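Okay, so here's the structure we're looking at.
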Amino acid sequence: MKAKKGQVRVITGNAVGAYGAMICRPEVVAAYPITPQSELAEQLAQFVANGVLDAEYVEVEGENSAMNVVLAASIAGARTFTATSSYGLVFMYDALQETASFRAPVVMVDANRETPGIHAVSSGQQDMISARDTGWVQIVVENDQEILDQIIMAYRLAEDYDIQLPVMVNYDGFYLSYLAEAVEIPPIEDVDTFLAPLKQQPGRQKLVPGVSIGCGTHGMEMGYVEARYKHCMALERVKNKVDEIDKAFGDYFGRYYGGQIEEYRTEDAEIIVLASGSAAGTVRTVVDTKREEGVKVGMVKLRLFRPFPAERLIKALKGKKAIGVIDRSLCFGWKYGPICMELKTLAVNIGAIPILSYIDGLANLDVNVPHIERVINEVNAAAQGKPYQEVTWIPMEE
Amino acid sequence: MVIKHKNIFKTESAWSNADEKLLCLDTGSWRTERPVLDKEKCNYCGLCALYCPPQCMKDMGDYFEADLAFCKGCGICATECPRNAIAMVPEGEFADEG
């Protein structure tokens, strides 16, 4: 069975986020506007005001309350949605951990932006990266269509009985949040059909009026260990589930994204560039150009950041001669970028090959074509046994 | 991996019955002072029960009394009581009771 052709609209990434949430019919929405996400919060409020979306829209005084509202609504059984960015995500830090620990299937959009300290109202993945130990599932998308499709897939993942975890859908603030692209919005009935298998599953535990049950309160010693163990095991199950849902989504809606990672021209590639987010689109273009020049290069796009798709990455990267990793964030205390640092833990399985770390695209600086060409040239030289620099801050060397 | 641990929670998330388990820790052993009620002053307003953090004030019909198995001795009931009907008495004075 195939979904009907949807309506095509040319809208910004933020508007796509609002449409993506709306067609999944959340029952409770709480969001606080923050650059670069504000348009999303406003558009969703408009949907509720116009009666397009039948949801309780809670106007909160800050992001911490936003997350606590959707957490409470979620454990009471509602389908929930929120969106934030940067300072907002940081302000939710405790609530992020509670939401994940309560196993509340909240879906949140995070428009990636640099974090507090150096006041950069600009794009970067630092907010998402810094929230990696909160227990959430974190997925990074590349373009506006993928924002929409991934929100739909996020509900199917979060509310799956075997998973029961909150999912954060990340897209590049400023780049995608304000970029208008043609996006196909599927008919809402078809989204209902895609999410319908959730209704066949056993119901999760919910708060019930008059019944004194509590969540997350009795965790001393073995209670804590058991809850954490189950949480970690559920995160492990997320990996295959992401691939399954991607396949089911593609079979129905006609668009596949590769699941945990997308492999582009990797099969016969000798060297690989690992990228994520909107920068992956540029990398794909440069890979094509370099292929014409005879360089056997491929790209792996990281879609799932938490849990880290170790098994899929090993399979895709084993036997390659060198890898370049582009990080749009920092890993304080390590000289490599965070995604590179995590990839290096797989070196035992991938093989003793050069893994070059590139820091680029911080604070609205573009990961542009010359930068990626440089990465490919250097990784290619490293693959041929030439000396190489382990870590390169590209903007600092220009 | 061999899992020997017997599950505490029946559900995937850490849900439990609050009637049975909210008061499951031996918080009474943390107490250094205990609330002692002067029944003459108490007018059964219930503020102590409202403010009690572990919610261990028992409704006795015309007054409230702390469940000493769970009362941590924080003294909030004594502070909030508008009629000063609750006194916090050091546990040492009850040493004979064990």
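Residue numbering restarts at 1 for every chain, and letters A, B, ... go by the order of the sequence lines. Because the structure is predicted, anything quoted here is derived from the model rather than measured.
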Worksheet entry | Parallel, tilted or perpendicular: ring planes of A:Phe249 versus A:Tyr257, cut at 30 and 60 degrees | tilted
Worksheet entry | A:Met108: which of A:Ile151, A:Leu89, A:Val70 passes side chain to side chain contact (heavy atoms under 4.5 Å, CB included) | A:Leu89
Response to the item:
Only one of A:Glu226, A:Met233, A:His231 passes side chain to side chain contact (heavy atoms under 4.5 Å, CB included) with A:Tyr229, and that residue is A:Met233
Worksheet entry | Neighbourhood of chain B inside residues 308-318 of chain A, taking heavy atoms under 4.5 Å as contact | none
Worksheet, complete the sentence: Residues of residues 98-105 of chain A with a heavy atom under 4.5 Å from any heavy atom of chain B, in residue-number order, are A:Phe102, A:Arg103
Response to the item:
If one checks every heavy atom of A:Leu165 against chain B at 4.5 Å, the contacting part turns out to be neither
Discussion item. Under 4.5 Å from any heavy atom of chain B, what part of A:Gln205 do you find: side chain, backbone, both or neither?
Written reply: both
So does [X] pair up with [Y], basic N to acidic O under 4.0 Å?
X        : Y        : value
A:Asp251 : A:Lys247 : yes
B:Glu12  : A:Arg204 : no
A:Glu342 : A:Arg306 : yes
A:Arg25  : A:Asp192 : yes

Worksheet entry | Side chains of B:Cys56 and B:Cys71 in contact at under 4.5 Å (non-hydrogen atoms) | yes
Discussion item. Check for me whether A:Arg79 meets the cation-pi criterion with A:Tyr155, that is, NZ or CZ under 6.0 Å from the six-membered ring centre and within 45 degrees of the ring axis.
Written reply: yes
Worksheet entry | Within 45° cone and under 6.0 Å: A:Arg132 NZ/CZ vs A:Phe305 ring | no
